[in-house]
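As structure tokens, the structure follows; a few thoughts come after it.
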Amino acid sequence: MSNEYRRAREQKRDALASLGVNPYAVRTPAREAVAGLKSQFEDLEAKAKTAPVAAGAQPEAPTLAGRAVAGRVLANRKMGKAVFVDVYDQTGKLQVYLNAKQVGEQAMAVYDNLDLGDFVWVRGNVQRTRTGEVTLFATELKFLTKALAVPPLPREYKDEQGNTRHATAFADVEQRYRQRYLDLMVHGDVRARFELRSKVLQGIREFLGQKGYLEVETPMLHSIPGGARARPFITHHNALHMNMYMRIAPELYLKRLLVGGFERVFEINRNFRNEGIDATHNPEFTMMELYEAYGDYHSMMEITEGLIRHAARLVRSHEKGVAPEALAPADLVFHWGEVVIDLGQPFRRARYADLLREHAGVDLHSRDAVRAKAKELGLELHDDHYKLADQLLEATALPKLVQPTFVIDYPTAICPLTKACEDNPAICERFELFVNAVEFANAFSELNEPVEQLRRFEEQVAMGLKTQDVEAPKEVDHDYVHALEAGMPPAGGLGVGIDRLCMLLTNTHTIRDVLLFPHMKREGHDQAAGAKQRARIAAETLLEELTSPELRRLPGFDQLAKQFEHLVEFSRKLLGNPHAEVVPPHSK
RNA sequence: GAACCGGUAGCUCAAUGGUAGAGCAGCGGCCUUUUAAGCCGCGGGUUCCGGGUUCGAGUCCCGGCCGGUUCACCA
């Protein structure tokens, strides 16, 4: 039985309590980080080696006396009355030697109730053992926390050639995502990747801060979803009696700030899109968006390049343990799966229409040529000419874009928020950055003409209604148009997918590996249970709506209410007679 | 949404249709500088779930759940 393990640990927990030891200690005495302690010891050794020794005198073994560390015990080697345990903290592993003579009988009684996975604090003298391991010889032991579950054990060892090897522990990909805490506990490389992710974010904030950008937070709950083309998550605000949408993009709010007088703003936060999950998509993903008054898509290209390069520097500097200034140009070469990406080189710029001509052999504006080529390639034939052209570009040119490439000058027809080029209204000032065919950034010279913006919004809504497009906006954000009427300076705007950037900079091939807690289907929750849950929420929502006075006043309400009585009755049966769950919340 | 692959002890993995095993971890014992410590002994299983075929199913068949990969869709 799996309970066997837990039972043994519970018994030890109780044994600790009867020894007068709190198995979940409240306070931890002062301590040092393992890595710092180890390097201090090595410095001491280096000094001892060069220090002159008096003739005939025995050189003393270098010792750091009375030092303490705290961490999780993940290995236990018992050697008669001597014991070696490996204590891990965030910075590394330290071997600890325990012996009744030095640490005392009481502490050894505590040790007897120690399991792998428990947390301890130890104080003692740091020395090297005869086998060469830096070791803390404990004189004090304090028990900190009992782990009732058995941890998966890290297996790191030296092979015959003396190389450090890792044996697989906790290899089930699914469980590693679901129980990321165990994955992190066991896999140092996973922790390292998330440290690098933090560096990427730090790098971006640093870079933008230096350029005078203000970091802001705009709403995550929107009453009208906008700023991108995507299906939103819908939620409901009880007190306000209104539906709300998890934001699909912060764009329209950030541009309101330009109207308000901020000239450089950025936001790093999640966007939510109700779409499928795969190697490059998670329902919530982190986006950096910035807006620069008096900028345009040219200034956005410069800042994109600078930003990515700066983040890359910080990542490499952290990996190599050297200052960013000390990095060589070759350090900005990143291996990403099969390909090698040089982020030190200036990014290529290529016109949309030129790429289409080069790789598909067609003119962007020629309906017949685009359609014929798409047909030839067996693409789904979209009615909309420029959408079809976009698919054609995606199928032909994008896979060829391995090194960072700004694809510039998009057709205006597929860019509702972008300013058209002055000399050609069919083309607009937008770019997307591709690396190895993956979209990394999207930017444009922002459309700031209220009348034109309203026209495009209305066209989108009308088109969406006509084509039953679930992703098309359902409503025009009139307040945004009002904001533009108040006057927004010419501006450049940029969005960078942070998760994908982290994938590139950490040589990772699925977005789940750069997300601490990627979304997964619920376990042990079958379709029937899921359907019941949804039905209950639907019933509750409807019941709440029925209590609203506005609805009661509408003609036909009585009939609706009567019909609903039946629905409630059936619901009760269906949901297993949970009376309490289907009683109208405000019914009187 | 489709195809393929996978799910066995706490962890990593075995097991031609024929009594479900090993290493680590656990429990008991020996060992005072080990390090994937070692040695002796002992426990440990809803083989993802539900059906079916069979004298007999971890294994074969059908359905379902969860995951991975590729494709499609999406941006």
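In what follows, every chain begins at residue 1, and chains take the letters A, B, ... in the order their sequences are listed. Below, each value reflects all heavy atoms present in this structure, side chains not excepted, and no hydrogens, waters or symmetry copies.
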Side chain Thr405(A), main chain Leu401(A), donor-acceptor under 3.5 Å: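 Between the backbone of Leu401(A) and the side chain of Thr405(A) there is no qualifying donor-acceptor contact (under 3.5 Å).
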Provide, to the nearest angstrom, the distance between the [atom1] atom belonging to [X] and the [atom2] atom belonging to [N].
{"X": "Gln11(A)", "N": "rG26(B)", "atom1": "CD", "atom2": "P", "result": "15 Å"}
{"X": "Tyr5(A)", "N": "rA9(B)", "atom1": "OH", "atom2": "C1'", "result": "7 Å"}
{"X": "Arg7(A)", "N": "rG43(B)", "atom1": "CZ", "atom2": "P", "result": "15 Å"}
{"X": "Phe170(A)", "N": "rG10(B)", "atom1": "CZ", "atom2": "P", "result": "13 Å"}
{"X": "Arg176(A)", "N": "rG10(B)", "atom1": "CZ", "atom2": "C1'", "result": "17 Å"}
{"X": "Ile511(A)", "N": "rU69(B)", "atom1": "CD1", "atom2": "C1'", "result": "17 Å"}
{"X": "Arg77(A)", "N": "rC39(B)", "atom1": "CZ", "atom2": "C1'", "result": "18 Å"}
{"X": "Glu133(A)", "N": "rU34(B)", "atom1": "CD", "atom2": "P", "result": "12 Å"}

So for [X] and [N], does any side-chain atom that can act as donor or acceptor lie under 3.5 Å from a complementary atom in the base?
{"X": "Gln95(A)", "N": "rU34(B)", "answer": "yes"}
{"X": "Glu4(A)", "N": "rG43(B)", "answer": "yes"}
{"X": "Glu394(A)", "N": "rA75(B)", "answer": "yes"}

Take atom [atom1] in [N] and the same atom in [M], then report the distance between them in whole Å.
{"N": "rC13(B)", "M": "rG17(B)", "atom1": "P", "value": "22 Å"}
{"N": "rC11(B)", "M": "rG44(B)", "atom1": "C1'", "value": "14 Å"}
{"N": "rG45(B)", "M": "rG52(B)", "atom1": "C1'", "value": "24 Å"}
{"N": "rU16(B)", "M": "rA20(B)", "atom1": "P", "value": "14 Å"}
{"N": "rU53(B)", "M": "rC5(B)", "atom1": "C1'", "value": "25 Å"}
{"N": "rA3(B)", "M": "rG43(B)", "atom1": "C1'", "value": "45 Å"}
{"N": "rU19(B)", "M": "rC24(B)", "atom1": "C1'", "value": "25 Å"}
{"N": "rC65(B)", "M": "rA14(B)", "atom1": "P", "value": "27 Å"}

Modelled atom types, side-chain donor and acceptor of Tyr177(A) and Asp183(A), under 3.5 Å: no
Asp89(A) and Thr91(A): side chain donor to acceptor below 3.5 Å: yes
Mate of [N] where both pairing distances stay under 3.5 Å, Watson-Crick or G-U:
{"N": "rU8(B)", "result": "none"}
{"N": "rU70(B)", "result": "rA2(B)"}
{"N": "rC60(B)", "result": "rG52(B)"}
{"N": "rG26(B)", "result": "rC42(B)"}
{"N": "rG21(B)", "result": "rC13(B)"}

[X] side-chain proximity, nearest of [options]:
{"X": "Thr135(A)", "options": "rU32(B), rU34(B), rA75(B)", "value": "rU34(B)"}
{"X": "Ala82(A)", "options": "rU12(B), rU32(B), rU35(B)", "value": "rU32(B)"}
{"X": "Thr129(A)", "options": "rC27(B), rA75(B), rU34(B)", "value": "rU34(B)"}
{"X": "Glu471(A)", "options": "rA75(B), rU34(B), rC66(B)", "value": "rA75(B)"}
{"X": "Val150(A)", "options": "rA25(B), rG68(B), rU32(B)", "value": "rA25(B)"}
{"X": "Lys521(A)", "options": "rC66(B), rA25(B), rA72(B)", "value": "rC66(B)"}
{"X": "Asp172(A)", "options": "rU33(B), rA75(B), rU12(B)", "value": "rU12(B)"}
{"X": "Ala171(A)", "options": "rC66(B), rU12(B), rG26(B)", "value": "rU12(B)"}

Closest-nucleotide 5' rank along RNA chain B - winner of Arg128(A) and Arg229(A):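 Result of the comparison: Arg128(A).
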First encountered from the 5' end of RNA chain B, between Leu398(A) and Arg178(A):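 Taking each residue's closest nucleotide, the earlier one in sequence belongs to Arg178(A).
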Plane angle bin for Tyr97(A) and Phe84(A) - parallel if under 30°, tilted between 30 and 60°, otherwise perpendicular: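 Phe84(A) vs Tyr97(A) ring planes: perpendicular.
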Phe406(A) and Phe431(A) aromatic ring geometry - parallel, tilted or perpendicular at 30°/60° bounds: perpendicular
Partner set under salt bridge (Lys or Arg N to Asp or Glu O under 4.0 Å) for Asp409(A), not counting sequence neighbours: Arg351(A)
Any residue meeting salt bridge (Lys or Arg N to Asp or Glu O under 4.0 Å) with Arg231(A), in chain and number order, not counting sequence neighbours: none
Indicate, with a heavy-atom threshold strictly under 4.0 Å, whether [X] touches base, sugar-phosphate, or nothing.
{"X": "Arg9(A)", "value": "nothing"}
{"X": "Lys387(A)", "value": "nothing"}
{"X": "Glu439(A)", "value": "base"}

rU34(B) phosphate, OP1 or OP2, under 4.0 Å from Arg130(A) side-chain N/O: yes
Distance test, side-chain N/O of Lys78(A) to OP1/OP2 of rU33(B), below 4.0 Å: no
SB check Arg6(A) Glu10(A) (cutoff 4.0 Å): yes
